[in-house]
Amino acid sequence: METAPAPVIVAIDGPSGTGKSSTSKAVAAKLGLSYLDTGAQYRAMTWWMLGNGVDVDDPAAVAAAADKPALVSGTDPAAPTITVDGRDASAPIRTQAVTAAVSAVSAVPDVRTRVTALQRSIASGAPHGIVVEGRDIGTTVLPDADLKIFLTASPEARAARRSGELKGREAADLSTTREALLKRDTADSSRRASPLKQADDAVVVDTTELSLEQVVECVVTLVEEKQRAR
Ligand code: DC
């Protein structure tokens with residue numbers, strides 16, 4: 001009798017605009033794995049804080065509220081979901097108001113402790129394994145992941161992708177998008193608690209000149225190699 005392969009854990013980190021979400025979802029779908037967008041969890045926490053009158057620039061106030069919202073993530077890569085206190089948060093977490101406040105909220109250690117515990121529990125419960133995307137997955141959340149990928153791309157390519165995503169919603173011009181994105185990168189990389197950082201054993205993939213299909217193929221091949229080697 002053939003035994004089912006052991007669950008595989010894939011960590012995909014990197015700054016925004018590198019194609020992390022599209023890549024992670026496509027890789028998970030292709031390999032029959034679950035998918036977790038950890039940025040969506042920090043955004044959901046931020047949305048709750050903004051909606052409940054918490055001053056997001058006051059780390060003590062944010063810390064005091066960190067365990068209040070009930071965050072639930074659906075991990076089907078074809079239709080990922082996120083709810084906060086039972087309310088669908090998938091649209092409001094993408095607004096500019098949330099994007100502008102999320103770095104401050106996610107820099108608060110109590111927020112990170114709570115969300116990291118949630119992430120670990122979701123990853124360990126995924127029956128066939130999971131692709132988890134974020135900033136600190138390979139370094140802090142799942143340091144024993146079977147495969148760690150760090151996606152990079154030039155600031156120009158990243159800003160162009162972000163503007164494409166925002167088109168029709170809250171589109172800003174390219175230079176404004178580029179500035180906002182670099183500002184968020186600096187905040188996310190320089191915070192004390194679990195910053196955006198490449199793990200020493202991560203495979204770096206520069207997506208500047210690659211299509212989504214090429215990046216997905218590259219990551220799928222790396223996962224399959226790991227699975228064969230186990
Ligand atoms: O991937 P994203 O742009 O949706 O992430 C939103 C913010 O959440 C990002 O600015 C930093 C934070 N984040 C984090 O601190 N750690 C993670 N693992 C994922 C996201």
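Just follow the structure's listing: the first ligand is 1, and inside any ligand the first atom is 1. Atom set for the values below is all heavy atoms of this structure, side chains included, hydrogens, waters and symmetry mates excluded. Numbering of residues begins at 1 and proceeds along the displayed sequence.
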**OP:** Mark yes when over 12 heavy atoms from residues, nucleotides or ligands other than Gln227 sit less than 6.0 Å from its CD; otherwise mark no.
**Re:**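 Counting neighbours around CD of Gln227, more than 12 heavy atoms of other residues, nucleotides or ligands fall under 6.0 Å, so yes.
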**OP:** Mark yes when over 12 heavy atoms from residues, nucleotides or ligands other than Arg230 sit less than 6.0 Å from its CZ; otherwise mark no.
**Re:**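 Atom CZ in Arg230 is crowded, with more than 12 foreign heavy atoms closer than 6.0 Å.
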Using a 4.0 Å cut-off to any heavy atom of [X], which atoms of ligand 1 qualify?
X      : result
Arg112 : 14 (C), 15 (O), 16 (N), 17 (C)
Ser103 : 10 (O)
Gly134 : 18 (N), 19 (C)
Lys20  : 1 (O)

Original post:
Are Asp201 and Lys148 within salt-bridge range, i.e. N to O under 4.0 Å?
Top reply: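 Yes, Asp201 and Lys148 are salt-bridged.
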[atom]: which protein heavy atom is closest, and how many Å away?
atom                    : value
atom 3 (O) of ligand 1  : Arg184 NH1, 3.0 Å
atom 12 (C) of ligand 1 : Ser106 OG, 3.6 Å
atom 4 (O) of ligand 1  : Arg43 NE, 2.7 Å
atom 1 (O) of ligand 1  : Arg135 NH1, 2.9 Å
atom 18 (N) of ligand 1 : Asp136 OD1, 2.9 Å
atom 19 (C) of ligand 1 : Thr38 OG1, 3.3 Å

Original post:
Only one of Lys25, Arg94, Lys20 forms a salt bridge (charged side-chain N to carboxylate O under 4.0 Å, His left out) with Asp37, so which one is it?
Top reply: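 Testing Asp37 for a salt bridge (charged side-chain N to carboxylate O under 4.0 Å, His left out) against Lys25, Arg94, Lys20 leaves exactly one candidate, Arg94.
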**OP:** From the options Arg87, Gln41, Arg43, select the one residue that forms a side-chain contact (heavy atoms from CB on, under 4.5 Å) with Ile82.
**Re:**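 That would be Gln41.
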Original post:
Only one of Val10, Leu222, Val131 forms a side-chain contact (heavy atoms from CB on, under 4.5 Å) with Val27, so which one is it?
Top reply: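 Single side-chain contact (heavy atoms from CB on, under 4.5 Å) partner of Val27 among Val10, Leu222, Val131: Val131.
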Original post:
Is the backbone N or O of Ala180 less than 3.5 Å from a side-chain atom of Arg162, with the two atoms forming a donor-acceptor pair by type?
Top reply: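 Side chain of Arg162 to backbone of Ala180, a donor-acceptor pair under 3.5 Å: no, none is there.
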**OP:** Could you check which of Ser16, Gly39, Ser194 puts a non-hydrogen atom nearest to atom 20 (C) of ligand 1?
**Re:**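 Going through Ser16, Gly39, Ser194 one by one, Gly39 has the nearest heavy atom to atom 20 (C) of ligand 1.
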For ligand 1, which is the ligand I care about here, please tell me if [X] has any N or O atom under 3.5 Å from one of the ligand's N or O atoms.
X      : answer
Glu133 : no
Asp188 : yes
Asp37  : no

Would you say [X] and [Y] make side-chain contact, with heavy atoms under 4.5 Å?
X      : Y      : answer
Lys197 : Asp136 : no
Ile130 : Leu33  : no
Leu36  : Thr38  : yes

Original post:
For ligand 1, is Arg191 a contact, meaning one of its heavy atoms is under 4.0 Å away?
Top reply: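 Contact present.
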